[in-house]
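What follows is a short report on a single structure.
Residue numbers start from 1 in every chain, and the chains themselves are labelled A, B, ... in the order their sequence lines are given, proteins ahead of strands. Just so you know, these numbers come straight off a predicted model, no measurement behind them. Note that these values count all heavy atoms, side chains included, but never hydrogens, waters or copies made by symmetry.
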2 protein chains.
Amino acid sequence: MFLLCAMKLAEAKEQFIQQWGILGSQWGINRTMAQVHALLMVASQPLSTDDIMEQLNISRGNANMNVRDLINWQLVQKVIVSGDRKEYFTAEKDIWKVATCIMYQRKKRELDPMLKVLDKLNDIEGDKKTAEVKAFTETIANIQRFAGHAEKTLDTVIRAEENWFFSNFMKMFK
Amino acid sequence: MFLLCAMKLAEAKEQFIQQWGILGSQWGINRTMAQVHALLMVASQPLSTDDIMEQLNISRGNANMNVRDLINWQLVQKVIVSGDRKEYFTAEKDIWKVATCIMYQRKKRELDPMLKVLDKLNDIEGDKKTAEVKAFTETIANIQRFAGHAEKTLDTVIRAEENWFFSNFMKMFK
DNA sequence: TTTTATTTTCAATTTATTTTGAAAGTACAG
DNA sequence: CTGTACTTTCAAAATAAATTGAAAATAAAA
């Protein structure tokens, strides 16, 4: 009975890991990095590099690099187990915190550089009234205004939703 | 004077196209597809496949495939010019519509399949009170609740922002 | 119908990304 | 210090993704 249950759980974890990997790769995140993240999210305890290697069938170098990247993304943390020389790792399990973290990180890393470029594109030499120039600067200005607006909205939503975990916690008693 | 101006505009367009390509590729979109999209967004008139090939230095097959993909994404439309056998293409220029379109498409194509898998992972054989099983199902349920919540929020934001274009239009007169 | 302009397809190639694994680096224990 | 356990690095290899270009398909014109 215990084995049956364990089997099924392992299977479910496996499917979750695979799907999270697919989702990640569709959004420009290394599939293996997403899988490591998924593995740690559903792990009931911190895992070592060897655990990760074994469970995902990947090499030591690969496991190490992806764990480092996840730590950089602040999605994974090192765990020190006293009396053990190995390093262990855990992932943030509250999906709201995960989402917030990813949104902020990607904004900083990928959206901000775009906005910096857009800023530069505002002054174009010559006649600002040429139809072509006007159309271009208007499109750029439009994107900038949208970005500013989106940023504010994001902050608002994040702040408004900070009680999400709590309200969620309440539902467990319904 | 005209040439100087044209030069600068071309340069600015070029930079925008490059940056949009980088941004796209970071978010899992083919760099060239993003570049074609950018090119059409800042084009003052519809472009043919040959125009796209020339401006981005890409092959006919590549240009054709990426334009088709963009049409599938509903970000680009075919334009018929009477008396011309060639097909021309334009992109939606209102960035709000572009963003809304992309959000809906990616949700449908990439997020929904994930949610479908999560649904299946809810019934695990055996004792639901095992700490491990409980932790796993709770994590999954958490993601599902988050997704449902995010979906509602997205709809709300989109509806609340539908006047964005109008309020934006007003700013032009300030 | 036949010719001609244009679009589409896809196998082969090129380019980019990911992964490996073994050597080098670190740091703790004795 | 020396040996041992573990982590990090990175050039080479493997894999995945994008691109080409020419042939096949399509459709308008003559």
Mind calculating the distance between CD1 (B/Ile52) and P (C/dT7) to the nearest angstrom?
-> 10 Å
What is the per-nucleotide protein-contact pattern of nucleotides 15-30 of chain D, from the 5' end, where B denotes a base atom under 4.0 Å from a protein heavy atom, S denotes such proximity for sugar-phosphate atoms only, and - denotes neither?
-> ---SSBB-----BBS-
What's the CG-C1' distance between A/Asp69 and C/dT18, to the nearest Å?
-> 12 Å
Kindly state each residue pair satisfying side chain to side chain donor-acceptor pair (under 3.5 Å) with at least one member in residues 52-64 of chain A, sequence neighbours excluded.
-> A/Asp50-A/Arg60
Rounded distance (Å) that lies between atom P of D/dT7 and atom NZ of A/Lys86 = 8 Å
Pair B/Asn72-B/Gln105, side-chain donor/acceptor within less than 3.5 Å | no
Does the side chain of B/Gln15 pick up a donor-acceptor pair with the side chain of B/Gln19 at under 3.5 Å?
-> no
Between B/Gln35 and B/Asn30, a side-chain donor and acceptor under 3.5 Å = no
Would you mind reading off the distance between A/Arg68 atom CZ and C/dT19 atom C1', rounded to a whole angstrom?
-> 18 Å
How close or far is atom C1' of C/dT8 from atom CD1 of B/Ile71, stated in whole angstroms?
-> 13 Å
How many Å lie between CG on A/Leu56 and P on C/dT19, as a whole number?
-> 10 Å
Option passing side-chain contact (heavy atoms from CB on, under 4.5 Å) with B/Leu9 (candidates A/Ile124, A/Leu121, A/Thr130) = A/Ile124
Length of the CG-C1' vector between B/Asp51 and C/dT7, whole Å = 15 Å
Please state how far atom CG in B/Asp50 lies from atom C1' in C/dT8, giving the value in whole angstrom units.
-> 14 Å
When you check the gap from the basic side-chain N to the acidic O, do A/Glu138 and B/Lys93 get nearer than 4.0 Å?
-> no
For C/dT7, does either OP1 or OP2 sit under 4.0 Å from a side-chain N or O belonging to B/Asn64?
-> no
